Amino acid sequence: MNETEITANLRKIKSSLPERTRLIAVSKTKPVEMLQEAYDAGQRLFGENKAQEMRDKYEVLPKDIEWHLIGHLQTNKVKYIASFVRMIHSIDSLTLLQTVEKEGKKHDRTIDCLLQFHIATEETKFGLNLDEARALLESEEYKSMNHVRLCGVMGMATNTSDMGLVRSEFATLRGIFETIKKDYFADSDAFCELSMGMSHDYPIAVEEGATLVRVGSSIFGARNYVNA
Ligand SMILES: *Cc1c(COP(=O)(O)O)cnc(C)c1O
């Protein structure tokens, strides 16, 4: 039997990852048939950047998929995914976290989240800086939450061919992870995730300690949307 292209891509990428690094297949804009193909090849972690698209795919695909929301999330969209999302990577404000808390409570579940940090030189990318994260973590609002669990940090490097710059940005994110772990989560085994690395830079992210890499086009092929 001929291996499909998606299966071959997955196998190649997975064989290059160390034990500690899990692969999220980023399937945004791709049809469910392609996700099913990846699923049939054994892939269980999928990443989407739009809440409604994730919800629509969740409804028709096998229920043991772990769904990771990786894109900027507006508070009014949390409700579409709160009942099933496995992890939200893009927490960039207390307000958003409060909304996740509220929706988690409604569904009587605890939702795993990552704090997104701005590590790139580009201005357009979302994310917190360390001071903003400290303010969030030290707020009474955060301390009273029972339906969110912070599990680590996420970031996107500058979109550049300068791999030295990319590496230093990933190293910065790892430093932020270690600082927050030490200052706020020293006793929490759950705070252990470092989500960084995409198709063009995940090997560097792995070398810099990534536990989750988010790979799309190297699995499913290029997307047609400029901004997707
Ligand atoms: C689209 C996207 C990815 C995957 O990008 P590829 O270059 O296709 O691998 C990873 N992370 C985020 C946040 C994304 O939006």
Side-chain angles (χ1 to χ4, degrees), residues 5-6 8-14 16-17 21-31 34-35 37-38 41 43-55 57 65-74 77-78 81 85-93 96 112-128 151-163 165-167 169-170 172-174 176-177 193-228:
E5 208 170 328
I6 289 173
N9 292 340
L10 278 169
R11 190 169 46 74
K12 205 167 68 194
I13 295 165
K14 278 195 153 150
S16 77
L17 298 178
T21 310
R22 291 184 297 155
L23 172 65
I24 298 175
V26 176
S27 47
K28 60 193 186 192
T29 79
K30 299 297 181 183
M34 292 178 82
L35 281 75
E37 230 178 285
Q43 182 64 28
R44 291 295 179 272
L45 280 63
F46 288 83
E48 292 282 337
N49 67 339
K50 296 207 165 78
Q52 281 132 307
E53 182 176 347
M54 176 185 277
R55 191 256 334 257
K57 288 173 172 173
I65 287 176
E66 276 191 28
W67 293 98
H68 291 250
L69 197 288
I70 61 170
H72 183 64
L73 181 59
Q74 290 170 281
K77 304 281 173 67
V78 177
I81 58 170
V85 68
R86 179 67 191 77
M87 185 175 279
I88 297 173
H89 290 227
S90 44
I91 299 298
D92 59 1
S93 72
L96 177 57
D112 286 349
C113 295
L114 305 180
L115 295 176
Q116 180 172 356
F117 283 86
H118 184 275
I119 54 170
T121 54
E122 293 131 330
E123 303 228 329
T124 49
K125 298 221 161 100
F126 294 99
L128 303 161
C151 295
V153 305
M154 177 271 213
M156 292 169 85
T158 302
N159 187 8
T160 173
S161 56
D162 178 354
M163 288 300 144
L165 177 61
V166 167
R167 185 181 295 280
E169 291 171 353
F170 287 152
T172 297
L173 187 61
R174 190 187 58 222
I176 289 170
F177 168 81
E193 302 290 3
L194 190 42
S195 168
M196 59 187 192
M198 308 166 43
S199 287
H200 72 286
D201 58 16
Y202 77 85
I204 296 174
V206 167
E207 287 172 12
E208 295 301 324
T211 63
L212 292 165
V213 289
R214 311 177 307 266
V215 179
S217 41
S218 290
I219 299 171
F220 297 108
R223 289 175 298 273
N224 293 324
Y225 303 75
V226 178
N227 240 335

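Just so you know, ligand 1 is whichever comes first in the structure, and atom 1 is the first atom listed for that ligand. Computed from a prediction, not measured in an experiment: that's the story for all the values here.
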*asked:* Under 3.5 Å between any N/O of Ser218 and any N/O of ligand 1: does that happen in this structure?
replied: no
*For Ser199, counting its heavy atoms only, list the atoms of ligand 1 lying under 4.0 Å from any of them.*
6 (P), 7 (O), 8 (O), 9 (O)
*Side-chain contact, heavy-atom cut-off 4.5 Å: Glu207 with Arg167?*
yes
*Which atoms of ligand 1 sit under 4.0 Å from any heavy atom of Val215?*
9 (O)
*asked:* Going by side-chain contact (heavy atoms from CB on, under 4.5 Å), Val215 matches just one of Leu17, Leu10, Leu23. Which one?
replied: Leu23
*Can a donor-acceptor pair be found between the side chains of Glu193 and Thr211 at a distance below 3.5 Å?*
yes
*Go through the structure and list residues passing side chain to side chain donor-acceptor pair (under 3.5 Å) with His200, not counting sequence neighbours.*
none
*Give the numbers and elements of all ligand 1 atoms closer than 4.0 Å to a heavy atom of Gly216.*
4 (C), 6 (P), 8 (O), 9 (O)
*Looking only at heavy atoms, what is the nearest atom pair of Ile91 and Leu128, with distance?*
O-CD1, 3.9 Å
*Which ligand 1 atoms does Met156 reach within 4.0 Å, using its non-hydrogen atoms?*
13 (C)
*Can you label the angle between the His89 ring and the His68 ring as parallel, tilted or perpendicular, going by 30° and 60°?*
perpendicular
*Quick check: does Met154 get an N/O under 3.5 Å from an N/O on ligand 1?*
no
*Can you find an N or O of Asn49 that's nearer than 3.5 Å to an N or O of ligand 1?*
no
*Heavy-atom contact under 4.0 Å between Arg223 and ligand 1?*
yes
*Compare all side-chain heavy atoms of Val153 with those of Leu194 and state whether any distance is below 4.5 angstrom.*
yes
*Between His200 and ligand 1, is there a nitrogen or oxygen pair with a distance under 3.5 Å?*
no
